[in-house]
2 protein chains.
Amino acid sequence: MFPSVLGADRPDTASGRSGWTRRLGTAIGRVVGGYRARMPAASSPSRRPHSGNRRDDAARLAVLHAADDLLAENGFGALTVEAIARRAGVAKQTIYRWWPSKVEILLDTLIEDSDKRIPVPVEKPSAESILRYLRGFARFVARDPAGKVLLALIAEAQHDAGTAKSFHQRYLGPRRAREREMLTRATEAGEVAPRLGADATMDALVGAIVYRALTGSSIPRGLVDTLVDDLLRPRAD
Amino acid sequence: MFPSVLGADRPDTASGRSGWTRRLGTAIGRVVGGYRARMPAASSPSRRPHSGNRRDDAARLAVLHAADDLLAENGFGALTVEAIARRAGVAKQTIYRWWPSKVEILLDTLIEDSDKRIPVPVEKPSAESILRYLRGFARFVARDPAGKVLLALIAEAQHDAGTAKSFHQRYLGPRRAREREMLTRATEAGEVAPRLGADATMDALVGAIVYRALTGSSIPRGLVDTLVDDLLRPRAD
DNA sequence: CGTTGTCCAGACAGGACGTCTCGTCTACGC
DNA sequence: GCGTAGACGAGACGTCCTGTCTGGACAACG
């Protein structure tokens with residue numbers, strides 16, 4: 001049902017690639033910049049003309065996929081950098097060169113996956129599109145292996161302050177901005193009439209769904225529908 | 001505001017107790033059985049008449065308090081069994097003798113604290129008492145140091161299957177049973193009229209509150225009030 | 001063709017884990 | 001009383017993962 005996380009074709013490891021790099025580099029490309037792509041000096045636009053060898057994109061993808069797979073198979077508790085390196089066929093140092101922690105690896109995969117699977121419908125906002133979005137979100141978080149990454153990061157953010165900061169800055173913040181936009185537009189268009197503010201309303205909807213997922217319960221469609229109806233539909237009295 | 005988690009008087013460590021044990025043993029007693037109290041053979045009611053020395057209750061409390069304090073101070077990520085042992089003035093083996101993991105320690109403190117701070121009002125259920133309960137819950141989870149334990153355990157349950165099982169069996173399950181009772185009685189009395197089932201309704205209410213706490217947002221009273229009103233009050237149409 | 005930077009491979013110290021073995025002390029049974 | 005069973009503090013032990021740091025091979029660019 002969900003054959004593969006993060007893209008269609010994926011090599012099992014990054015090893016045994018003679019000529020791989022060039023083909024991959026142009027064929028796939030980078031959808032998301034990834035952790036380090038934005039870290040070093042975003043202020044200086046024209047950096048060094050890049051001497052030396054360039055980053056191996058196959059290795060980057062192998063790491064992302066390995067992390068994803070290992071999380072789905074054994075859970076976050078068993079996820080170690082060494083295991084990721086082994087599975088990806090990559091040296092440990094290659095991982096530490098580009099990511100400061102396994103959390104940033106997961107964050108990279110999560111951003112890529114959720115942009116692909118559950119984009120926020122900011123254009124043409126309507127009660128119907130909001131409902132569809134939340135149904136998709138519920139499905140993502142409850143049944144999609146990639147949704148487990150989201151749950152794992154929410155969890156890890158409770159344990160580590162650095163994770164919390166990064167998770168907010170890179171994922172929750174931007175996503176919530178789009179959700180707020182979606183809800184605000186729909187409200188202004190008279191499509192919905194929430195009694196709470198945009199953030200509180202989204203938290204109530206998303207929170208209920210996420211909590212069900214966190215506690216291992218299923219998320220029947222009727223739950224989402226009723227919730228949306230109760231919180232977004234204007235009351236008669 | 002919340003001077004101490006888990007009881008009033010607490011020694012800093014368990015060491016230096018000459019004569020401590022006897023006094024503590026009778027004075028404080030055990031509110032909750034704790035992890036191991038129910039584990040070994042609940043089938044045989046009359047066990048061995050207990051030769052040897054008995055369990056040191058001061059050590060038990062010192063461990064519970066140390067875990068609580070360390071979690072509040074440094075977060076779950078920095079919480080180690082060794083650190084708990086050091087802080088409690090207790091040998092590591094003493095901890096492993098009674099708890100299989102630090103999670104069970106936290107579970108012991110959580111059960112004790114939430115029974116004390118946010119009991120579920122199953123008697124005399126009313127819309128008003130439900131609202132008060134949820135306000136208290138929101139306060140507990142957002143501002144009480146003991147509430148951090150709940151968040152940490154929800155988080156750890158995502159990372160480890162064993163934690164998830166234990167957390168459900170010992171905390172979420174029993175608590176939800178009482179909450180369901182509360183809601184069902186209030187519904188039968190005509191006090192409230194949820195459109196969703198008891199579990200789904202509670203998840204929507206609790207989930208929204210927990211999600212705010214998990215993402216570090218405050219939980220204004222108006223949010224809880226409106227949520228309760230939207231989900232529990234009968235709709236006119 | 002040399003410089004630069006990435007890659008794999010592996011060594012390394014540090015820390016936490018969970019187990020184990022001591023010696024001490026205390027409650028209970030005989 | 002006295003012996004024994006069990007809890008306790010102290011600390012050693014092997015294992016695993018961490019994050020850093022080498023070395024040597026390779027590829028891109030000037």
Side-chain angles (χ1 to χ4, degrees), chain A residues 13-26 34 36 40 47-63 70 74 76-105 159-160 162, chain B residues 13-26 34 36-37 40 47-63 66 70 74 76-105 159-160 162:
Chain A
T13 70
S15 58
R17 90 198 90 88
S18 18
W20 252 106
T21 310
R22 210 167 337 112
R23 266 188 283 132
L24 271 177
T26 56
R36 206 177 163 200
R47 202 63 173 162
R48 211 175 315 122
H50 221 352
S51 144
N53 201 355
R54 286 221 195 74
R55 179 175 187 181
D56 188 346
D57 211 61
R60 180 186 140 263
L61 289 173
V63 168
L70 287 173
N74 311 111
F76 187 91
L79 186 67
T80 68
V81 174
E82 293 202 334
I84 296 173
R86 271 196 303 273
R87 168 74 86 111
V90 148
K92 208 168 38 157
Q93 180 59 28
T94 299
I95 294 183
Y96 281 112
R97 191 179 353 261
W98 299 104
W99 293 277
S101 71
K102 58 183 175 181
V103 163
E104 298 294 336
I105 302 176
H159 292 166
D160 178 72
Chain B
T13 70
S15 59
R17 84 197 97 84
S18 21
W20 252 107
T21 311
R22 211 167 337 113
R23 267 188 283 135
L24 272 175
T26 55
R36 207 178 162 196
R47 203 60 175 163
R48 213 173 313 125
H50 220 350
S51 144
N53 201 357
R54 288 224 193 73
R55 180 173 186 180
D56 187 344
D57 211 59
R60 181 187 139 263
L61 289 172
V63 168
L70 287 174
N74 310 112
F76 188 91
L79 186 67
T80 67
V81 174
E82 293 199 337
I84 296 173
R86 271 198 302 274
R87 167 75 85 113
V90 148
K92 208 167 41 154
Q93 181 58 32
T94 300
I95 295 182
Y96 282 111
R97 184 171 9 251
W98 298 104
W99 293 277
S101 70
K102 58 183 175 180
V103 163
E104 299 294 337
I105 302 176
H159 291 168
D160 179 72

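Hydrogens, waters and symmetry mates play no part in the numbers below; they use all other heavy atoms, side chains included.
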Measure from [atom1] on [X] to [atom2] on [N] and round the result to the nearest Å.
| X | N | atom1 | atom2 | result |
| --- | --- | --- | --- | --- |
| B:Arg60 | D:dC8 | CZ | P | 11 Å |
| B:Leu70 | C:dA16 | CG | P | 12 Å |
| B:Asn53 | C:dG29 | CG | P | 14 Å |
| B:Ile95 | D:dG9 | CD1 | C1' | 12 Å |
| B:Ile84 | D:dG9 | CD1 | C1' | 17 Å |
| B:Glu82 | C:dG18 | CD | P | 10 Å |
| A:Tyr96 | C:dA9 | OH | P | 17 Å |
| B:Trp99 | C:dC17 | CH2 | P | 15 Å |

Would you check if [X] and [Y] make a side-chain contact, meaning some heavy-atom pair closer than 4.5 Å?
| X | Y | result |
| --- | --- | --- |
| A:Leu79 | A:Asn74 | no |
| A:Arg55 | A:Arg97 | no |
| A:Asp160 | A:Val103 | no |
| B:Lys92 | B:Val81 | yes |

| query | Any donor-acceptor pair under 3.5 Å joining the side chain of A:Gln93 to the base of C:dC8? | reply | no
| said: On the side chain of B:Lys92, is there an atom forming a donor-acceptor pair with the base of D:dG9 - under 3.5 Å, no angle test? | reply: no
[N] OP1/OP2 closer than 4.0 Å to side-chain N/O of [X]:
| X | N | value |
| --- | --- | --- |
| B:Arg97 | D:dC8 | yes |
| B:Thr94 | D:dA7 | no |
| B:Trp98 | D:dC8 | yes |

| query | If you pin A:Thr80 and B:Gly52 to their nearest nucleotides in DNA chain D, which one's is more 5'? | reply | B:Gly52
| message | Tell me whether B:Arg60 forms a cation-pi arrangement with B:Trp98, defined as NZ or CZ under 6.0 Å from the six-membered ring centre and within 45 degrees of its axis. | response |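 Relative to the ring axis of B:Trp98, which defines the angle, B:Arg60 lies outside at least one limit.
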